[in-house]
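As the structure lists them, so they are numbered: ligands from 1, and atoms in each ligand from 1. Hydrogens, waters and symmetry mates play no part in the numbers below; they use all other heavy atoms, side chains included.
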Amino acid sequence: MALDLTRRKFLQTASVAAATAAVSGCFANRAAAGTPFVRGPFTAPGSFADTKTAVGGVCEMCFWRCQVVGKVRDGKLVKLEGNPKSIDNGAAICARGNAGVKLLYDPDRLKYPMKNVGKRGAPEWKRISWDEALDECATRMKAVMEKYGPHAIAMFPHGASATYPMGFFEKVVGTPNISEASFFQCRGIRDTAYVATLETPPDENVDMANAKAILLLGGHFGENVHVSHVKRYLKGLENGAKLIVVDPRFSASAAKADIWVKIKPGTDTAFLLAMMNHLVKKGKYNQAYVAANGVGFDKFTAGISHASLEWAARTCDVPASQIKQVAELLAANAPNVSIHPGRHVSWHGNDFQRERALACLTGLLGAIGVRGGFVAGKGPKVGKAGGWPKVNAEHAEAHALHTMAKKHPFSPPGTPTDLIREAAVSGKPYPIKAFVAWGQNPIQTVPNEPLTIKMLQQMDFVMVCDIMPTDITMFADILLPESSYLERYDLIKPGTQWDLSGKQQQYIAARMPLVPMTAADHERRDPVWITNELAKRMGFEKHIPVQSQEEKTEKILAGANLSIEQLIKEDGIHIQDGVDPYGKVLKVNFFSQELVDAGFPGVPTYIPVAEPPKGYARLVYGRAPVHTFNRSQNNAWLVNEMPENPVWLNDESARKMGLKDGDRVRLVNQDGVQSRTTTVVKVTPGIRKDTVYMAHGYGTMNPAMTLGVGKGIDDQSLITKLAVDPETGAHGMRNNFVTFIKDGKKLSIPA
Ligand SMILES: Nc1nc2c(c(=O)[nH]1)N[C@H]1C(S)=C(S)[C@@H](COP(=O)(O)OP(=O)(O)OC[C@H]3O[C@@H](n4cnc5c(=O)[nH]c(N)nc54)[C@H](O)[C@@H]3O)O[C@H]1N2
Ligand SMILES: Nc1nc2c(c(=O)[nH]1)N[C@H]1C(S)=C(S)[C@@H](COP(=O)(O)OP(=O)(O)OC[C@H]3O[C@@H](n4cnc5c(=O)[nH]c(N)nc54)[C@H](O)[C@@H]3O)O[C@H]1N2
Ligand code: SF4
Ligand SMILES: [Mo]
């Protein structure tokens with residue numbers, strides 16, 4: 001288990017530089033990829049002195065929404081920078097934010113409404129007018145509604161542009177079958193587990209900049225790049241915070257850690273329970289906080305009393321002394337400790353319990369409402385607009401699959417993806433016959449691609465609204481091209497900051513176009529226009545809440561006594577005094593009667609996961625520092641930076657298997673499913689023998705993505721087995737196992 005590599009050596013081999021890259025706005029080092037590539041040029045060469053600065057940009061290269069400005073020359077965007085006025089990301093943006101310029105002018109972007117005159121999955125595109133496209137969408141969706149009811153329309157949305165149409169489908173059309181990637185494949189479990197425990201969702205509200213110790217489970221900051229979050233984390237480290245990283249892999253964060261816990265995947269809850277049991281038994285917890293705010297503490301301590309350090313050591317395959325060391329380090333620095341709640345938490349199908357345990361640990365240490373702890377900054381007040389009236393929302397509620405099936409009572413908003421897919425494929429309890437994807441690429445986002453494709457194939461109608469020809473677009477009957485985040489108004493971003501400026505401040509930014517749409521931009525349209533035109537044709541014109549994106553923005557800003565004009569005068573961001581984030585006390589439901597009543601354990605409980613079959617290792621995945629999932633896989637600068645996703649393999653295993661760093665391989669999973677494409681091996685001591693790792697989002701199959709197609713391996717194509725989290729219905733995706741195929745020969749990974 002012990003590694004004889006020094007930390008220094010690791011620093012050279014792991015992708016640690018990525019973390020600092022986020023802050024300086026430059027690019028991650030090549031070691032992150034472990035594969036050769038050519039660098040830059042990343043921005044237009046030369047000086048930008050002759051450019052005009054457009055303010056009011058909000059990045060959507062990922063969902064963190066940094067505030068940006070654009071350098072514009074002759075009406076063309078030539079460079080993006082962080083808005084220097086931002087108290088959030090400041091003048092810094094990450095590699096992906098920077099590369100938004102390349103998305104804007106990507107020749108492969110969707111240009112016109114298109115009709116598929118071929119087959120779903122093997123499309124032949126015919127250009128049609130917006131009128132034809134919208135008429136057909138409306139007619140075919142109305143036909144489904146009339147024949148099967150509004151609940152027979154499913155919508156898979158994600159991102160800022162999908163919120164307005166999502167309200168339309170839920171409240172006006174009346175379907176509950178909306179499944180958002182951010183909930184069911186990302187952070188929904190975290191949010192509902194924290195609500196069950198601390199009665200508030202956690203967002204990323206841990207005050208890392210002021211922490212004395214930080215605990216990360218998985219969370220691989222530096223590869224996971226959210227600029228202001230990484231800044232707060234680095235600020236904490238700079239101020240001397242101890243860092244504990246629990247990860248089966250030597251991640252960018254592990255490379256910066258004081259303690260790296262090389263845990264066996266899927267066992268984190270056992271690790272947390274043993275730490276808590278140890279602290280309780282030794283009396284090393286915040287007894288005053290627990291006495292004042294703890295609920296069911298006796299039942300909790302009884303329920304976790306079996307969790308000895310030795311038991312957890314065996315379960316997690318880490319030394320008992322290390323578990324004790326971590327627990328005592330946290331206790332010694334409590335309450336000023338950041339127990340990070342994580343973000344992508346849909347791991348193994350036992351994840352609600354782990355998130356509950358994290359929230360309980362936070363409470364046990366009294367790390368709530370204090371410097372360095374769990375704090376919720378209060379954002380500014382803004383107005384409301386663009387909300388659709390509840391015309392048919394009751395119908396939606398009455399047909400919610402999880403309530404009908406009495407399943408997943410702690411589900412986040414919307415319907416668990418798998419319930420929708422199962423209903424569509426089986427026709428039970430009712431048929432689902434029309435499908436809308438809006439800013440989501442379920443082919444790569446949702447586990448079990450063949451089943452997703454089966455769901456799509458049985459639909460009467462499939463509509464996709466997107467900006468790039470990613471994999472899902474191949475399954476559309478009608479494909480609608482949207483304007484990009486750099487060309488449209490859409491969201492308002494209210495926020496708060498307190499750590500870097502020293503004083504609490506609130507900010508309001510609004511996404512405004514940095515460059516106007518021109519005739520050269522073909523026929524792209526914004527989401528409010530598209531949705532309203534669809535609503536009119538479906539007979540819902542009288543319910544339309546706003547006529548344009550711009551009107552929506554003005555109305556929301558008016559609630560803060562602002563306007564678009566005023567916001568531009570203020571360089572795109574309004575800043576005002578904030579509210580002290582410290583001092584708030586939260587109740588801690590160590591034991592939850594609500595969970596017991598719903599048939600779940602009242603105290604956080606470890607649920608074991610399946611072991612790898614002989615010859616295979618568990619497939620885990622994470623973020624490529626310079627890509628966002630699949631959406632950036634055709635971006636010229638980013639593809640150039642990290643063209644494929646090397647698969648990490650333990651060095652001793654590699655030696656026994658005869659594999660060398662850089663060898664080209666294919667992967668095959670426990671069900672015999674082979675990757676469509678190949679990638680290279682990254683041989684490293686920085687991963688457990690029972691685990692292999694790759695960055696998610698690669699291996700696009702759509703030839704219309706001319707730069708990205710076929711590069712690297714699509715991890716999702718190997719995740720055919722699904723682990724459903726029972727409390728929430730969210731998807732666990734780290735319960736699949738793979739081995740390697742080299743030169744056509746299947747290899748066996750030694751145990
Ligand atoms: N560059 C970039 N940054 C991004 C994104 C992006 O696409 N690109 N996406 C953003 C989004 S939406 C999200 S949700 C976040 C996700 O980012 P995170 O929330 O940080 O994702 P995790 O799944 O927690 O972390 C992945 C790590 O978990 C480790 N791991 C795997 N299995 C286990 C296990 O059982 N136990 C433990 N302790 N660790 C395990 C992996 O080795 C890997 O290092 O990233 C955000 N930031
Ligand atoms: N195997 C595996 N599965 C995962 C993950 C993983 O790490 N591994 N991560 C999970 C996580 S944390 C998340 S958040 C999800 C992300 O899941 P998705 O959001 O589905 O991922 P993206 O690749 O960003 O795909 C979004 C789609 O939106 C399109 N798009 C981008 N901008 C716009 C726009 O402005 N308008 C419109 N209409 N479309 C736009 C893109 O072109 C793309 O087709 O995936 C989850 N699934
Ligand atoms: S973290 Fe990077 S990609 Fe995400 S919003 Fe900020 S600049 Fe854009
Ligand atoms: Mo996510």
Side-chain angles (χ1 to χ4, degrees), residues 22 25 57-68 80-82 86 88-89 92-100 103 106 109-110 156-162 165 180-188 190 224-231 342-347 417 437-447 449 464-473 480-488 490 493 511 524-527 530 619-634 638 694-697 700 702 705 714-719 730-731 733-734 736:
V58 176
C59 185
E60 185 93 356
M61 289 296 283
C62 84
F63 308 104
W64 200 245
R65 293 167 189 160
C66 299
Q67 298 98 63
V68 297
L80 285 161
E81 291 174 355
S86 167
D88 189 48
N89 54 292
I93 48 174
C94 76
R96 300 165 297 148
N98 200 321
L103 166 72
D106 189 331
R109 257 183 78 185
L110 305 180
F156 283 30
H158 201 191
S161 86
E180 224 176 326
S182 44
F183 292 141
F184 294 99
Q185 285 79 32
C186 178
R187 62 185 165 80
R190 174 193 81 177
N224 159 356
V225 180
H226 281 161
V227 173
S228 59
H229 202 58
V230 174
K231 273 183 153 185
R343 185 172 175 99
H344 171 63
V345 299
S346 303
W347 290 357
T417 318
W438 202 306
Q440 191 191 126
N441 176 21
I443 301 296
Q444 286 222 359
T445 297
V446 178
E449 283 182 13
V464 176
C465 177
D466 209 297
I467 58 173
M468 287 299 298
T470 60
D471 292 350
I472 183 62
T473 62
L480 304 178
E482 206 174 73
S483 50
S484 77
Y485 72 98
L486 296 164
E487 302 154 302
R488 66 179 191 238
D490 66 22
K493 177 155 180 187
R511 178 173 289 149
R524 295 159 187 145
R525 296 287 183 271
D526 71 56
I530 299 171
L619 173 65
V620 304
Y621 52 77
R623 301 288 161 255
V626 298
H627 277 286
T628 303
F629 314 112
N630 186 243
R631 67 168 52 197
S632 64
Q633 295 289 335
N634 206 62
L638 302 178
M694 64 203 305
H696 165 69
T700 299
N702 194 343
M705 300 261 281
D714 167 11
D715 61 328
Q716 200 67 279
S717 69
L718 298 160
I719 302 179
H731 282 170
M733 328 191 202
R734 292 178 179 166
N736 285 253

May I ask you to list the atoms of ligand 2 that are less than 4.0 angstrom from any heavy atom of [X]?
X: Q440; answer: 20 (O), 26 (C), 27 (C), 28 (O)
X: Y621; answer: 6 (C), 7 (O), 8 (N)
X: D715; answer: 1 (N), 2 (C), 8 (N)
X: N630; answer: 23 (O)
X: E482; answer: 34 (C), 35 (O), 36 (N), 37 (C), 38 (N)

Among R623, H158, H731, H696, which one puts a heavy atom closest to atom 12 (S) of ligand 2? R623
Evaluating non-hydrogen atoms only, which member of D466, I443, L103 is closest to atom 30 (N) of ligand 2? D466
Taking heavy atoms and a distance under 4.0 Å, where does [X] meet ligand 2: side chain, backbone, both or neither?
X: Q185; value: both
X: T445; value: both
X: I719; value: side chain

Around atom 4 (Fe) of ligand 3, what protein N, O or S atoms are found below 2.8 Å? C62 SG
For H696 and F629, take the angle between the two ring planes, folded into 0 to 90°, and tell me which bin it lands in: parallel under 30, tilted 30 to 60, perpendicular over 60. perpendicular
